[in-house]
Amino acid sequence: MKKLLVVVVLLCMTLAFGSLIDEVKQRGVLRVGQDAGYMPLYGTNPDGDRIGLEVDILKKMAEILDVKLEFVVVNWDGIIPALVSNKFDIIWSAMTITPERALRVNFTDPYLTVGQIILYNTNKYELPPTEEDLNDPDVKIAVQLGSTGAEAANRLLSEAQIFMFETIDEAAFQVASGRADAMIFDSIYARFMAKKYDQLEVTEDLLTREDFGVAIPKGDFETLQWMNTFIQWIKTTGTLEELQDYWFVEYEPEF
């Protein structure tokens with residue numbers, strides 16, 4: 001009798017509380033959490049519109065769901081707490097899948113694989129610096145607060161001076177302006193910055209390898225399954241490859 005009662009309660013809860021996907025479709029709006037910018041994956045153009053590879057992917061998702069797309073921009077170090085407190089529905093914001101983060105959110109299958117790399121000022125280094133060159137008390141390293149680049153810098157460059165910034169654009173500007181000697185961050189963004197600033201270059205070797213995933217609230221396995229299906233779809237249809245060709249190769253930074 002008790003087992004039957006538990007089953008009935010669980011069934012009632014399932015019927016009463018639908019999946020996030022159902023809620024989004026009923027609301028008519030998909031709310032996506034991102035930080036300020038990580039071009040060419042996401043950012044803002046001079047007109048104030050959100051642009052980038054991930055933005056285009058999300059537009060396709062919203063089209064399939066037949067809903068509007070709303071971006072909620074927060075600081076990176078507070079993005080997971082904002083998701084947990086229902087400030088938005090998902091985090092699609094170049095988030096590396098880590099065991100620590102997975103304690104608080106559920107991650108989809110990876111949609112991109114990247115790695116941490118060194119972005120450096122050529123006025124400081126004529127040749128690409130090595131880890132040994134940077135792991136020095138006189139060297140200033142810029143990183144974004146709460147990023148895996150910050151984790152890598154603290155772990156690999158413990159002797160250097162490491163400065164934290166709220167956004168990756170702030171950190172990159174420190175290197176471009178000569179206030180910092182180098183930056184540790186994801187290879188996609190670092191290579192984009194090297195295209196934007198003549199005085200910046202990147203090293204060839206990756207310090208780490210990481211997978212990007214979409215973060216959703218814990219416990220919603222129906223939404224997780226749908227998101228994984230969508231990610232598989234953008235891969236198998238060539239949609240992701242087409243967007244990569246444009247945003248990683250053809251796109252020129254806007255000033």
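Because the structure is a prediction, the values reported are computed rather than measured.
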Ile64 vs Trp226, side chain to side chain contact (heavy atoms under 4.5 Å, CB included): CA-CA, chis, key distance, verdict: CA-CA 12 Å; Ile64 290 172; Trp226 189 89; 4.1 Å; yes
Side chain proximity check, Pro81 to Arg104, heavy atoms < 4.5 angstrom: yes
Distance, nearest 0.5 Å, that separates CD1 of Ile188 from CH2 of Trp247: 13.0 Å
Side-chain heavy atoms of Arg50 within contact of Leu58, under 4.5 Å: no
Qualifying residue, where the test is side-chain contact (heavy atoms from CB on, under 4.5 Å) with Thr239 and the options are Asp56, Ile57, Ile234: Ile234
Note, Val214 side chain near Ile231 side chain (heavy atom, < 4.5 Å): yes
Main-chain N/O of Asn154 paired with Ser158 side-chain donor or acceptor, under 3.5 Å: no
Enclosure of Phe173 CZ (heavy-atom neighbours >12, cutoff 6.0 Å): no
Sidechain-backbone polar pair: Asn135 side chain, Glu159 backbone, donor-acceptor under 3.5 Å: yes
Derivation and outcome, side chain to side chain contact (heavy atoms under 4.5 Å, CB included), residues Phe230 and Met61: CA-CA 8 Å; Phe230 175 77; Met61 178 187 289; 3.4 Å; yes
Thr98 and Glu210, any side-chain heavy atoms less than 4.5 Å apart: no
Greater than 12 external heavy atoms within 6.0 Å of Asn123's CG: yes
Transitive ILVMFWY cluster of Leu134, excluding itself - 4.5 Å side-chain cut-off: Ile118, Tyr120, Tyr125, Val139, Ile141, Val143, Leu145, Leu156, Leu157, Ile162, Met164, Ile184, Leu207
Ala94 to Trp76 - nearest heavy-atom pair and separation: O-CH2, 4.2 Å
Reported CG-to-OG distance for the pair Leu224 and Ser19, which is rounded to 0.5 angstrom: 11.5 Å
Side-chain donor or acceptor of Asp109 paired with backbone N/O of Asn228 under 3.5 Å: no
Distance-only donor-acceptor check, side chains Ser93 and Tyr42, under 3.5 Å: yes
Exceeds 12 heavy-atom contacts within 6.0 angstrom, atom CG of Asp136: yes
NZ/Lys218: more than 12 non-hydrogen atoms of other groups inside 6.0 Å: yes
Modelled atom types, side-chain donor and acceptor of Thr148 and Gln116, under 3.5 Å: yes
Main-chain N/O of Thr223 paired with Asp220 side-chain donor or acceptor, under 3.5 Å: yes
CA sep, side-chain torsions, deciding dist, call: Val175, Lys124, side chain to side chain contact (heavy atoms under 4.5 Å, CB included): CA-CA 10 Å; Val175 185; Lys124 170 73 174 183; over 6 Å; no
Interatomic distance, Glu151 atom CD to Thr96 atom OG1 [nearest 0.5 angstrom]: 8.5 Å
More than 12 heavy atoms of other groups within 6.0 Å of Glu23 CD: yes
Ring geometry between Phe185 and Tyr189 (parallel below 30°, tilted from 30 to 60°, perpendicular above 60°): perpendicular
Side-chain heavy-atom pair Ile97, Pro110 within 4.5 angstrom cut-off: yes
Side chain to side chain, Asp22 and Gln26, heavy atoms closer than 4.5 Å: no
Arg179 atom CZ: more than 12 heavy-atom contacts under 6.0 Å: no
Shortest non-hydrogen separation from Ser187 to Leu206 and the atoms involved: CB-CD2, 3.8 Å
Residues Leu83, Val105; criterion side chain to side chain contact (heavy atoms under 4.5 Å, CB included); working and verdict: CA-CA 9 Å; Leu83 175 68; Val105 301; 3.7 Å; yes
Nearest-0.5 Å distance that lies between atom OG in Ser147 and atom CZ in Phe165: 12.0 Å
Distance-only donor-acceptor check, side chains Arg31 and Asn86, under 3.5 Å: yes
Thr208 side chain to Gly115 backbone, donor-acceptor under 3.5 Å: no
Lys235 side chain vs Leu240 backbone, donor-acceptor pair below 3.5 Å: no
Residue pair Leu30 / Phe88, side-chain heavy-atom distance below 4.5 Å: no
Flag if over 12 foreign heavy atoms under 6.0 Å of CD, Glu250: yes
Aromatic ring pairing Trp92/Tyr111, orientation class (parallel under 30°, perpendicular over 60°, tilted between): tilted
Short N-O contact, Lys59 and Glu63, less than 4.0 angstrom: no
Flag if over 12 foreign heavy atoms under 6.0 Å of CG, Asp66: no
Among Asp35, Asp77, Asp186, Thr167, the one residue meeting side chain to side chain donor-acceptor pair (under 3.5 Å) with Gln144: Asp35
Separation of Leu41 CG from Gln34 CD (nearest 0.5 Å): 9.0 Å
Lys196 NZ to Met193 CE distance, which is reported to the nearest 0.5 Å: 4.5 Å
Presence of salt bridge, Asp181 and Lys140, under 4.0 angstrom: no
Close side-chain approach of Asp89 and Val32, heavy atoms under 4.5 Å: no
